[in-house]
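Throughout, a chain's letter reflects where its sequence line sits, starting with A, and its residues are numbered from 1.
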Amino acid sequence: MPASQWVEGIRLLAVCAFLALGVAALRARDPGLRRRRINLFLVCTLIIHFEVGLTQIDCWPFSHYPLMRGVWNEHFRYERIFVVGLDPSAREWELDPMTWSPVFPLVLQAWFQLRFSDLPPEQKQEAARFLYGKAEGARKELAAGRRIGNERYLGSFTAPDWWLYRRATFTSSEPLSGIRVYKEAFRPAEKFADPNKTERVLLYEYLPTGSAAVRHHLSETDRRVE
Amino acid sequence: MNISQLAPRLSDTISPRLIAAWNDFWFRPASPAGVVAVRFIIAANALWILLSRPTLPSLFSWPDAFHARIDLFLRIRYAFFLVPPAVEWTLFVLLHVALLCAMFGIRPRASCFVAGILLYHFAPVENMLWYLMGPYFSGLTLPVVALLVLAFAEPPGAAGARSSEYRWPVALIQIIFAGNYFFAAISKARTAGLGWVSADNVRGMAMASLTLETPPPLAERIAASPAACWTIAIVTIVVEWLFILVPFSRIAAAILVPVAFVGHIGIVFVLGIVFLAMPCLLIYVDWEWLADRVPLTRRSSPAAAEASA
C-alpha cells in the first residue's frame with residue numbers, strides 16, 4: 001500500500017477518534033464518568049490539534065494553516081493559468097471569475113497545473129468541452145444582465161473566494177466559438193512597469209463543431225476540434 | 001493484584017495545583033450565553049459561506065476528467081462518490097436546515113452533530129480537483145470541529161443556570177481557533193525562517209498581488225513604503241505568535257483580537273486575500289460579561305441562577 005494511503009488512513013483515524021471520544025462523553029450519564037470522559041476528549045483533541053500544528057502535517061479538519069508562509073519577491077518568476085473565451089472573429093474575451101462556479105479560478109488553475117497534462121487526449125477534450133459549456137452559459141446570463149454562479153442568491157453579499165478576483169466588465173454579445181487555456185509567466189516588478197512584459201504559452205484550445213473561430217497555430221496534441 | 005494497584009491513578013501523580021488549574025480553566029461555572037453566542041456565530045458563518053456556494057454538490061456531476069486522479073483513500077476519507085448526486089443534493093439541503101437549527105438552538109445537539117458531519121463531507125468538495133493540503137482556508141475548518149464539540153456538550157437549559165458544562169466547549173473552540181494564527185506562525189518559521197519578517201517579503205507580496213488577478217487598492221502605496229512593509233511584517237508575526245495566549249488571557253484577547261481584525265481588513269486592501277473565518281473572531285468576545293449587562297436572553301441574574309442551582 002502506498003505511503004499516501006497510509007497517511008489518509010491515519011488522518012481518517014484521527015477524526016474517528018475525535019468523534020468516538022466525543023460520543024462517549026455524550027453518552028455518559030454518571031457525572032463522575034462524564035467528567036472523566038470529557039477530560040479524555042479534551043486531552044486527545046488538544047494532542048491532535050497541537051501535533052498537527054507543530055509537525056505541520058495536515059489532518060483536516062485539524063489544520064496546520066500554512067498561510068502565505070513562503071518568501072515573496074518582486075523579482076521572482078510567478079506563473080498563472082487562465083482561460084479566455086473566443087468570439088466568432090477569434091477575439092479573446094476575459095471570462096468572469098464566477099464562470100466556473102462553484103469553484104473559483106484558483107482551483108481550476110491548480111487543476112490545470114496538477115492534473116490536466118496527465119490526462120489522455122479524450123479526457124482533455126471532455127474537460128474542455130465542459131468548460132466551454134460553462135463559459136458560454138455564463139456569457140448568456142451575463143449578457144442578459146443576470147447574476148451567475150455563486151452570486152445567484154446573495155448577490156453582493158456573497159462570500160468571495162479567499163482571493164479577490166477582477167470581475168469581467170465586458171462580455172461578448174455573440175456566442176463563444178471556443179476557449180483557450182494559457183499559461184503566463186512573469187516577474188512582478190517587470191510586469192508592473194510594463195503589463196505586456198509576460199511570457200504567454202497556449203496550453204490548449206477547444207473549438208466545438210461548426211466553430212467560426214480562426215484556428216490558432218497549435219501542435220496536433222494540443223488542438224481539439226470536434 | 002489488579003492493575004489499579006500496580007499503577008497509581010493518574011490524578012495521584014499530577015500536582016493538585018495543576019489539577020485545580022485544569023479544572024478551573026475548563027470547568028469553572030459559566031453562564032449559557034457563551035455557548036449560545038459561539039454556536040450562533042459558528043453556524044451563521046458556515047451558513048453564509050454555503051449560501052455563497054449554492055451549487056457545490058454539482059461538482060460531483062462534473063465529467064470524469066476532473067475526478068479521474070482522486071486517490072481512493074481520499075474518497076473514503078471524505079465519503080466522496082458513495083451516494084448518487086441526487087442524494088448529495090438532499091444532504092446539502094439538510095446541511096442548511098441543520099445549520100439554521102443550530103443557529104437558533106433548535107434540537108441543538110442533533111443539529112450541531114448533523115451539521116458538523118455534513119460539513120466535514122461538503123467543505124472539501126472543491127478540493128477534489130486539486131487536493132494538496134486540505135481545505136484549510138475555505139472558512140469551514142473551524143465550523144466542522146466546533147459544531148461537533150458543541151454536539152457533545154450539554155445544551156443550555158431553559159433556566160439559564162450557570163454550569164461547568166457551558167465553559168469547556170467554548171474554551172476548547174477558542175483554543176482551536178487560536179491555532180489558526182499560532183500554527184501559521186510556526187509554518188512561516190519552518191518554511192521561510194526569519195527571512196519572512198522583512199520589508200522585502202511584504203513588498204514582494206504586494207507587488208505580486210498588483211500583477212495577479214486583482215490589484216488591491218492599497219498594494220501600490222504599501223509596496224512603495226519600506227516603513228509600512230516593515231510594520232506589516234513585524235505586526236503580523238507578533239500577532240500570530242502571541243495569539244495562542246488569547247484563550248487564556250483577557251488582556252491578550254483585548255489587544256490581539258482587535259489587531260487581528262484590523263489586520264484582516266488591511267490584508268484585503270493590500271494583498272487581496274480574504275479570511276472567510278474572520279466573523280469567528282467574535283467567539284473571543286466575553287459574551288457572559290455582556291449578557292450580564294444586556295439582558296438579551298431569557299435568564300435570571302448569575303447570582304439568582306447560582307442560588308437556584
Pick from B:Thr191, B:Leu276, B:Asn180 with the largest number of heavy-atom pairs that fall under 4.5 Å of chain A: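 Of the candidates given, the most pairs with chain A belong to B:Asn180.
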If only atom types and distance count, is the side chain of [X] paired as donor or acceptor with the main-chain N or O of [Y] below 3.5 Å?
X        : Y        : answer
B:Arg53  : A:Ala159 : yes
B:Lys188 : A:Leu67  : yes
B:Asn201 : A:Trp72  : yes
A:Arg115 : B:Leu129 : yes
B:Arg190 : A:Leu54  : yes
B:Ser52  : A:Thr158 : no
B:Trp62  : A:Ala127 : no

Only counting residues at least two apart or in another chain, list the ones meeting ring pair (Phe, Tyr, Trp, His ring centres under 6.0 Å) with B:Phe182.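 Ring pair (Phe, Tyr, Trp, His ring centres under 6.0 Å) check on B:Phe182 returns B:Trp241.
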Could you pull out the closest heavy-atom pair between [X] and [Y], with the gap in Å?
X        : Y        : result
A:Ser63  : B:Thr141 : CB-CG2, 4.2 Å
A:Pro102 : B:Leu59  : CG-CG, 3.8 Å
A:Phe192 : B:Leu210 : CE1-CD1, 3.7 Å
A:Ser101 : B:Thr55  : C-OG1, 4.2 Å

Is [X] in contact with chain A via its backbone, its side chain, both, or neither, using a 4.5 Å heavy-atom distance?
X        : answer
B:Asn23  : side chain
B:Leu50  : neither
B:Val145 : both
B:Glu240 : neither
B:Ser164 : side chain
B:Ala153 : backbone
B:Ala223 : neither
B:Ile273 : both
B:Ile176 : both
B:Leu140 : backbone

[Y] and [X], any side-chain heavy atoms less than 4.5 Å apart:
X        : Y        : value
A:Leu12  : B:Phe73  : no
A:Asp161 : B:Phe137 : no
A:Phe41  : B:Phe152 : yes

With sequence neighbours excluded, tell me which residues meet side-chain hydrogen bond (donor to acceptor under 3.5 Å, both in side chains) with B:His264.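 For B:His264, the residues satisfying side-chain hydrogen bond (donor to acceptor under 3.5 Å, both in side chains) (neighbours in sequence not counted) are B:Tyr181.
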Under the side-chain hydrogen bond (donor to acceptor under 3.5 Å, both in side chains) test, which residues partner A:Glu126, sequence neighbours left out?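 For A:Glu126 there are no side-chain hydrogen bond (donor to acceptor under 3.5 Å, both in side chains) partners, ignoring immediate neighbours.
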Nearest-0.5 Å distance that lies between atom [atom1] in [X] and atom [atom2] in [Y]:
X        : Y        : atom1 : atom2 : value
B:Ile186 : A:Arg69  : CD1   : CZ    : 12.5 Å
A:Ile38  : B:Leu172 : CD1   : CG    : 11.0 Å
B:Ile267 : A:Leu164 : CD1   : CG    : 12.0 Å
B:Leu271 : A:Met68  : CG    : CE    : 5.5 Å
A:Arg11  : B:Arg77  : CZ    : CZ    : 5.0 Å
A:Arg35  : B:Glu165 : CZ    : CD    : 7.5 Å

Tell me the residues of residues 44-52 of chain A whose non-hydrogen atoms fall below 4.5 Å from those of chain B, in number order.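 Listed by number: A:Thr45, A:Leu46, A:His49, A:Phe50.
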Measure distances from [X] to the heavy atoms of chain B and classify the residue's part below 4.5 Å as side chain, backbone, both or neither.
X        : answer
A:Tyr153 : side chain
A:Phe116 : neither
A:Ile57  : neither
A:Arg34  : side chain

Distance only, no hydrogens: is a donor on one side chain within 3.5 Å (strictly under) of an acceptor on the other, for A:Asn39 and B:Trp22?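 Yes - a donor-acceptor pair under 3.5 Å links their side chains.
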A:Phe130 ring center near B:Phe66 ring center (under 6.0 Å):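 Yes: the rings meet the under 6.0 Å criterion.
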Parallel, tilted or perpendicular for A:Trp60 and B:Tyr120, by the 30°/60° rule?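 Parallel.
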